[in-house]
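Shown next, in structure tokens, is the structure this report addresses.
If you read the sequence from its start, that first residue is 1, and numbering goes on from there.
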Amino acid sequence: EVHLVESGGGLVQAGGSLRLSCAASGFTFDDYAIGWFRQAPGKEREGVSCISSLDGSTYYVDSVKDRFTISSDNAKNTVYLQMNSLKPEDTAVYYCAAEIPDLRYGSTCPRDMYDYWGQGTQVTVSS
């Protein structure tokens, strides 16, 4: 059975850093695109970043460019989101998701038809 488990969230001061992990079981990342999303109370879910194992492409929403970095460790079947220079507006529940791209339409991030989702991890950034 496919499972995605996020970890690494917590409480940090503005300007601090966190590294989120998305550990997969039941499949490997070789044929998947992995996305990070976040949702703050009262707001729509927002796509934050994406990495495609098929073509190596990455994506970042403008608000996190130059602060967040997505990476993967295929040996550990884990994708990371390194978050630096955190701001209070980054506070949200962060989710990872996996998509099996339909190669007829390409495999480049960002993606919009994710197949599996994790349970989320809370990130809180204090002023």
Side-chain angles (χ1 to χ4, degrees):
E1 184 177 352
V2 173
H3 290 283
L4 298 172
V5 179
E6 303 95 334
S7 62
L11 299 167
V12 296
Q13 282 190 294
S17 298
L18 286 172
R19 189 180 74 164
L20 305 184
S21 298
C22 175
S25 62
F27 73 104
T28 66
F29 289 139
D30 292 354
D31 300 318
Y32 286 80
I34 305 297
W36 283 99
F37 294 79
R38 64 187 180 187
Q39 188 164 25
K43 295 185 178 180
E44 295 287 329
R45 185 179 63 199
E46 176 187 33
V48 176
S49 188
C50 175
I51 185 167
S52 173
S53 296
L54 289 88
D55 62 19
S57 61
T58 58
Y59 162 83
Y60 302 93
V61 68
D62 285 347
S63 61
V64 309
K65 287 180 179 177
D66 302 319
R67 298 191 297 121
F68 291 9
T69 303
I70 192 168
S71 63
S72 63
D73 184 339
N74 289 349
K76 296 181 178 179
N77 222 37
T78 300
V79 169
Y80 305 98
L81 185 68
Q82 179 67 46
M83 306 187 297
N84 297 326
S85 302
L86 283 162
K87 304 174 181 179
E89 50 263 45
D90 295 317
T91 295
V93 177
Y94 283 71
Y95 302 88
C96 67
E99 177 181 335
I100 306 170
D102 185 336
L103 298 182
R104 294 174 294 179
Y105 306 107
S107 59
T108 301
C109 285
R111 313 301 303 172
D112 61 1
M113 292 187 289
Y114 287 89
D115 300 289
Y116 307 103
W117 292 81
Q119 84 292 338
T121 185
Q122 176 71 50
V123 171
T124 302
V125 184
S126 62
S127 300

Is there a donor-acceptor contact under 3.5 Å from the side chain of [X] to the main chain of [Y]?
X      : Y      : answer
Asp73  : Thr78  : no
Ser57  : Cys109 : yes
Tyr60  : Ile70  : yes
Ser107 : Pro101 : no
Glu6   : Gln119 : yes

Look at atom CD of Glu89 and say whether more than 12 heavy atoms of other residues, nucleotides or ligands are closer to it than 6.0 Å.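 Enclosed: over 12 neighbouring heavy atoms sit under 6.0 Å from CD of Glu89.
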May I ask you to check whether over 12 heavy atoms, not counting those of Asp102, lie within 6.0 Å of atom CG?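 Yes, enclosed.
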[X] [atom1] to [Y] [atom2] distance, which is reported to the nearest 0.5 Å:
X     : Y     : atom1 : atom2 : answer
Lys76 : Ser21 : NZ    : OG    : 9.0 Å
Ile51 : Ile34 : CD1   : CD1   : 9.0 Å
Leu81 : Tyr94 : CG    : OH    : 7.5 Å
Tyr32 : Asn77 : OH    : CG    : 10.0 Å

Should Glu46 and Ser63 count as side-chain neighbours, where that means a heavy-atom distance under 4.5 Å? yes
Do Phe68 and Asn84 have side chains that approach each other closer than 4.5 Å (heavy atoms only, starting at C-beta)? no
Any link between [X] and [Y] through a network of hydrophobic side chains (Ile, Leu, Val, Met, Phe, Trp, Tyr) touching at under 4.5 Å?
X     : Y     : value
Tyr95 : Val5  : no
Leu20 : Val12 : yes
Val48 : Val93 : no

Check the pair Arg38, Val64 against side-chain contact (heavy atoms from CB on, under 4.5 Å), reporting the backbone distance first and the verdict last. CA-CA 12 Å; Arg38 64 187 180 187; Val64 309; 4.0 Å; yes
Considering non-hydrogen atoms only, spot the tightest contact between [X] and [Y] and give its length.
X      : Y     : value
Leu18  : Gly8  : CD2-O, 3.7 Å
Ser49  : Tyr59 : OG-O, 2.9 Å
Tyr116 : Leu4  : O-CD1, 3.5 Å
Ser72  : Val79 : CB-CG2, 3.9 Å
Gln82  : Ser17 : NE2-CB, 4.0 Å
Val125 : Thr91 : N-OG1, 2.9 Å

Please assess Leu54 against Leu103 for the test side-chain contact (heavy atoms from CB on, under 4.5 Å), listing each intermediate value before the final yes or no. CA-CA 9 Å; Leu54 289 88; Leu103 298 182; 3.3 Å; yes
Basic-acidic side-chain contact under 4.0 Å: Asp90, Lys87: no
Given the side-chain rings of Phe37 and Trp117, with only the six-membered ring counted for Trp, is the space between their centroids under 6.0 Å? yes
